[in-house]
Participant: 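Structure below; questions to follow.
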Amino acid sequence: METQESQRVEFTPEAAALLRRLGEQHGPLMFHQSGGCCDGSAPMCYPEGEFRTGASDVLLAELAVDGVAEPVGFWMSKSQYDLWSHTRLIVDVVPGRGSGFSLEAPEGVRFLIRSRVIGA
């Protein structure tokens, strides 16, 4: 299911491939864009519902990924979204160890955000 905001977030082909593997291992997935705690400002991947969202969070997108049965939700705190609302977020994956809280950590890779400024 795509929301109107889905154009604000996308996955690179490498990130989508990793999400297929993680989905096979963990079931439905979600992201929360970290606001600076623990691993800087990294996108964190969790099993759906493991990270509790609330009224202070914004659902930016529910993205379909080929080979993943459920849409992948992408959340961000409202205060951070207010700062990043002018950007398109591109979730990529690179070698290296990220946060121990994010599902990709044991894989020897980490998700990161690349961004582009978008028109107002």
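This chain uses plain numbering: 1 for the first residue, then up along the sequence.
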Participant: Should Phe111 and Leu18 count as side-chain neighbours, where that means a heavy-atom distance under 4.5 Å?
Facilitator: yes

Participant: Would a single hydrophobic cluster contain both Leu103 and Val109, if residues Ile, Leu, Val, Met, Phe, Trp and Tyr are joined by side-chain heavy-atom contacts under 4.5 Å?
Facilitator: yes

Participant: What pairs with Glu24 under side chain to side chain contact (heavy atoms under 4.5 Å, CB included), at least two apart in sequence or on another chain?
Facilitator: none

Participant: Which residues, ordered by chain and number, are linked to Ile90 in its hydrophobic cluster, where ILVMFWY side chains connect at heavy-atom gaps below 4.5 Å, directly or through other members?
Facilitator: none

Participant: Nearest heavy-atom pair of Ser115 and Leu89: which atoms, and what distance?
Facilitator: CB-CD2, 4.5 Å

Participant: Could you tell me which non-hydrogen atom of Leu59 sits nearest to which non-hydrogen atom of Gly73, and how far apart they are?
Facilitator: CD1-CA, 4.1 Å

Participant: Please name all residues satisfying side chain to side chain contact (heavy atoms under 4.5 Å, CB included) with Glu14, sequence neighbours left out, ordered by chain then number.
Facilitator: Thr12, Asp92, Val93

Participant: So, taking the atom named CE in Met30 and the one named CE in Met44, what distance separates them when rounded to the nearest 0.5 Å?
Facilitator: 12.0 Å

Participant: Could you go through residues 45-58 and list every donor-acceptor pair under 3.5 Å that involves a side-chain atom there, pairing it with any protein atom two or more places apart or in another chain?
Facilitator:
from: Asp57; atom 1: OD1; to: His32; atom 2: NE2; distance (Å): 2.9
from: Asp57; atom 1: OD2; to: Gly54; atom 2: N; distance (Å): 2.9

Participant: Are Val72 and Leu112 grouped together when hydrophobic residues (ILVMFWY) are joined by side-chain heavy atoms under 4.5 angstrom apart?
Facilitator: no

Participant: Counting C-beta onward and ignoring hydrogens, is there a side-chain heavy-atom pair between Val9 and Phe31 closer than 4.5 Å?
Facilitator: no

Participant: Between Met76 and Leu83, is any pair of side-chain heavy atoms under 4.5 Å apart?
Facilitator: no

Participant: If you round to the nearest 0.5 Å, how far is CZ of Phe74 from CG of Leu63?
Facilitator: 8.5 Å

Participant: How would you list, by chain and number, every residue that makes a side chain to side chain contact (heavy atoms under 4.5 Å, CB included) with Arg20, sequence neighbours excluded?
Facilitator: Ala16, Ala17, Val65, Asp66, Val68

Participant: Determine, step by step, whether Val91 and Ile113 satisfy the side-chain contact (heavy atoms from CB on, under 4.5 Å) criterion, reporting the C-alpha distance in whole Å, the side-chain angles of both residues, the deciding distance to 0.1 Å, and the verdict.
Facilitator: CA-CA 5 Å; Val91 181; Ile113 291 292; 3.8 Å; yes

